[in-house]
Amino acid sequence: MVFFLDENLIKMPNNCLITINDISRNQIFEFLRLSNEFLSVIKKPVKLAALNNKYVAIMFFENSTRTRVSFEIAAKKLSAEVINFTSTTSSINKGESLKDTVITLKSLGADILIVRHSNEGVPSQIAKWSQLSVINAGDGMHQHPTQALGDLLTLTKSYNLKPETYQDFFKDKKVVIVGDILHSRVARSLIDLFNLLGCNIVLVGPPEFIPEGVEYFSGIEISYELDKELKDTDVLYMLRIQSERLGQGSSLNLEQYRQYFSLNAKRVKLLSPKVFLMHPGPVNKGIELDEAAFSLPGCLINEQVKYSVPARMAVLFMAATKGFSDE
Ligand code: CP
């Protein structure tokens, strides 16, 4: 008898982090607790043995600086063996399929796969094929969960929060996300995470950058006028224009975009002195942000990069131990 296996029916293992919905609310607070522990050892000349004898394969099919390097530092700090897989120098260039490549890495002993790809769904497909722990390091316009978790850690440190206040602190905070929301995997992960924490989320951008139907989600408002939103904003999250994802027929007028949505010196003056400014990087300077924005006391752009290392250490540790769900 022959069995045909429908790949859609194969489940992912529960130590995969493909979207923010894969991590429970409890495990988000556990993630923050672990990140703080790892943060306290990051500058010490020691490595932790947590991932000793584990092989972490960093599989990036799309460009990256922050995510790739911070995952590599995080894995090494936990004593993992790091396999830096690059598609351009692999046998994929000789015609080997992605599935065969993944099975090959599994046969070579990989335990955790960190995957970035320009197509949505590739990390979850790899998780089903390999049945290994897979961390999504950004897939197309879908999700970038470790960016959102690292940003949450950055906020808890910048607000100087004690762990016992994590549960309720973000409730009703006004988080304004500005720019190219349609093409942004970072925005999708942030929306899921801030929604779970009870924030009031306002999405601001030109109509062509606002995903259709998003206004029907509870806790989300849409605005086309950035100036009106700035005064009482707690967290202002500016997004990168994803030039590589804009269609050929895009009618985006950069000068108009700058005029209405750039955080320039004039808009900086409309902000509360307590506001925190974030951006996932890389910044298109002069388009999303002007120099005046970088001088804001609450500008966290460099902190986001700094805290991404303990955040990714915590994610790797959870992947190698009890996973991300409450089960
Ligand atoms: N924020 C982010 O994902 O940056 P990289 O593309 O440099 O990894």
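One-based numbering, in listed order, for ligands and for the atoms of each.
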Enquirer: In the protein, which heavy atom is nearest to atom 6 (O) of ligand 1, and how far is it?
Expert: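 Looking at atom 6 (O) of ligand 1, the protein heavy atom closest to it is R116 NH1, 2.9 Å.
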Enquirer: Starting from atom 2 (C) of ligand 1, find the nearest protein heavy-atom neighbour and note its residue, name and distance.
Expert: T67 OG1, 3.5 Å
Enquirer: Can you find an N/O atom of P280 closer than 3.5 Å to an N/O atom of ligand 1?
Expert: yes
Enquirer: A quick test of your reading: do over 12 heavy atoms of other residues, nucleotides or ligands sit less than 6.0 Å from OH of Y55?
Expert: no
Enquirer: Within the 4.5 Å heavy-atom criterion, are F61 and D139 side-chain neighbours or not?
Expert: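 They are not in contact (no side-chain heavy atoms under 4.5 Å apart), so the answer is no.
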Enquirer: Yes or no: does G138 have any heavy atom under 4.0 Å from an atom of ligand 1?
Expert: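 The answer is no: ligand 1 sits nowhere under 4.0 Å from a heavy atom of G138.
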Enquirer: Polar contacts were defined as any N/O atom of the residue lying under 3.5 Å from an N/O atom of the ligand; does this apply to R68 and ligand 1?
Expert: no
Enquirer: Return the closest protein heavy atom for atom 4 (O) of ligand 1 as residue, atom name and distance.
Expert: R66 CD, 3.5 Å
Enquirer: Using side-chain heavy atoms (C-beta onward) and a distance below 4.5 Å, is I201 in contact with N195?
Expert: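 Yes, their side chains come closer than 4.5 Å.
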Enquirer: With a cutoff of 4.0 Å, is E62 in contact with ligand 1, counting heavy atoms of the residue only?
Expert: no
Enquirer: Output yes when a side-chain donor or acceptor of S308 lies under 3.5 Å from a complementary backbone atom of V305, and no otherwise.
Expert: yes
Enquirer: Taking the inter-plane angle between the rings of F170 and F194 on a 0 to 90° scale, is it parallel (under 30°), tilted (30 to 60°) or perpendicular (over 60°)?
Expert: tilted
Enquirer: T65 heavy atoms, cut-off 4.0 Å: which ligand 1 atoms fall inside?
Expert: 5 (P), 7 (O), 8 (O)
Enquirer: Should V56 and I126 be counted in the same cluster of Ile, Leu, Val, Met, Phe, Trp and Tyr side chains packed under 4.5 Å apart?
Expert: no
